[in-house]
Amino acid sequence: MANESINLNLIPKGEMPVIHVSQFDNGRQFNINLLQGSDEYTLPAGYTAVLNCRKADRNIVTLATTSVLSNTLTFTTTTQLCACSGKNI
């Protein structure tokens, strides 16, 4: 399973990254590269990051980082994120 990389600019522009997952993507890793404008942004020492994901059914799932390396945060999808009741796109 290939890793997906997403660039996330910390200077707000109103654009939220979209990550498409299915029920078969449990355990899929993806990287978020933090940027501040055109410069890499590294989390200060001692800081952690979480990712709040909104599913198609509007429920929120929070993922913790599985790795932090320089400006790259790695997250791993969970069963809770990949499962959604009802009719989904």
Side-chain angles (χ1 to χ4, degrees):
M1 203 176 303
N3 284 2
E4 181 178 355
S5 273
I6 298 168
N7 290 328
L8 179 63
N9 195 335
L10 297 177
I11 298 174
K13 294 183 179 182
E15 298 172 18
M16 299 296 285
V18 175
I19 301 164
H20 296 279
V21 297
S22 76
Q23 71 258 27
F24 305 110
D25 287 335
N26 183 35
R28 183 176 115 199
Q29 292 187 333
F30 57 95
N31 301 318
I32 295 183
N33 304 311
L34 299 178
L35 301 170
Q36 190 169 26
S38 59
D39 299 325
E40 291 183 356
Y41 176 82
T42 302
L43 286 179
Y47 278 61
T48 59
V50 296
L51 184 64
N52 291 320
C53 304
R54 183 172 40 211
K55 302 187 327 177
D57 64 3
R58 312 291 290 170
N59 286 320
I60 302 292
V61 175
T62 300
L63 301 178
T65 53
T66 52
S67 171
V68 178
L69 181 61
S70 184
N71 76 312
T72 302
L73 309 176
T74 301
F75 295 90
T76 303
T77 59
T78 63
T79 302
Q80 185 183 14
L81 177 65
C82 298
C84 191
S85 62
K87 185 177 178 182
N88 295 302
I89 298 172

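We use all heavy atoms of the structure for the numbers below, so side chains are in, but hydrogens, waters and symmetry mates are not.
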- [ ] Answer with yes or no whether the hydrophobic clustering places Val50 together with Ile6; edges join I, L, V, M, F, W, Y residues whose side-chain heavy atoms lie under 4.5 Å apart.
- [x]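 No, separate clusters.
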Open item on the list: Do Tyr47 and Leu8 land in one hydrophobic cluster if side-chain heavy atoms of ILVMFWY residues count as linked below 4.5 Å?
Closed with: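 The answer is yes; both residues are in one hydrophobic cluster.
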TODO: Before giving the answer on side chain to side chain contact (heavy atoms under 4.5 Å, CB included), spell out for Phe75 and Thr66 the whole-Å C-alpha distance, their side-chain angles and the decisive distance to 0.1 Å.
DONE: CA-CA 5 Å; Phe75 295 90; Thr66 52; 5.5 Å; no
TODO: Search all heavy atoms of Asn26 against all heavy atoms of Thr79 and return the closest pair with its distance.
DONE: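 Nearest pair, atom of Asn26 first, then Thr79: OD1-N, 2.9 Å.
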TODO: Search all heavy atoms of Ala49 against all heavy atoms of Leu43 and return the closest pair with its distance.
DONE: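 Scanning both residues completely, I find the closest heavy atoms to be CB-CD1, 4.1 Å.
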I'd like to know if the side chain of [X] and the backbone of [Y] have a donor-acceptor N/O pair within less than 3.5 Å.
| X | Y | answer |
| --- | --- | --- |
| Ser70 | Thr72 | no |
| Thr77 | Arg28 | yes |
| Lys55 | Cys82 | no |
| Asn71 | Asn33 | no |

Open item on the list: Any non-hydrogen side-chain atom of Thr65 less than 4.5 Å from a side-chain atom of Thr74?
Closed with: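 No. Closest side-chain heavy atoms not under 4.5 Å.
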TODO: Would you indicate whether the side-chain heavy atoms of Leu63 and Cys53 approach each other to under 4.5 Å?
DONE: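 With C-beta onward as the side chain, the pair touches.
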Task: Of Asp25, Asn59, Val61, the residue whose pairing with Leu81 passes side chain to side chain contact (heavy atoms under 4.5 Å, CB included) - done: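 Going through Asp25, Asn59, Val61 one by one, the side chain to side chain contact (heavy atoms under 4.5 Å, CB included) with Leu81 is satisfied by Val61 alone.
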Open item on the list: If the test is side chain to side chain contact (heavy atoms under 4.5 Å, CB included), which one of Leu51, Val21, Leu73 qualifies with Phe30?
Closed with: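 Single side chain to side chain contact (heavy atoms under 4.5 Å, CB included) partner of Phe30 among Leu51, Val21, Leu73: Leu51.
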- [ ] Begin with the C-alpha distance, continue with both residues' side-chain angles, and end with the deciding distance and a verdict on side chain to side chain contact (heavy atoms under 4.5 Å, CB included) for Leu10 and Leu34.
- [x] CA-CA 7 Å; Leu10 297 177; Leu34 299 178; 4.2 Å; yes
Task: Residues clustered with Leu35, ILVMFWY side-chain links under 4.5 angstrom - done: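 Members alongside Leu35: none; it stands by itself.
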Task: Working for side chain to side chain contact (heavy atoms under 4.5 Å, CB included), residues Glu4 and Gln29 - done: CA-CA 7 Å; Glu4 181 178 355; Gln29 292 187 333; over 6 Å; no
TODO: In sequence, state the C-alpha distance, the side-chain angles, and the governing distance for Asn52 and Thr62, and then conclude on side chain to side chain donor-acceptor pair (under 3.5 Å).
DONE: CA-CA 4 Å; Asn52 291 320; Thr62 300; 2.8 Å; yes
TODO: Starting at OG of Ser38, measure out to CG of Asn9 and round the result to the nearest 0.5 Å.
DONE: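 Rounded to the nearest 0.5 Å, the OG-CG separation comes out at 8.5 Å.
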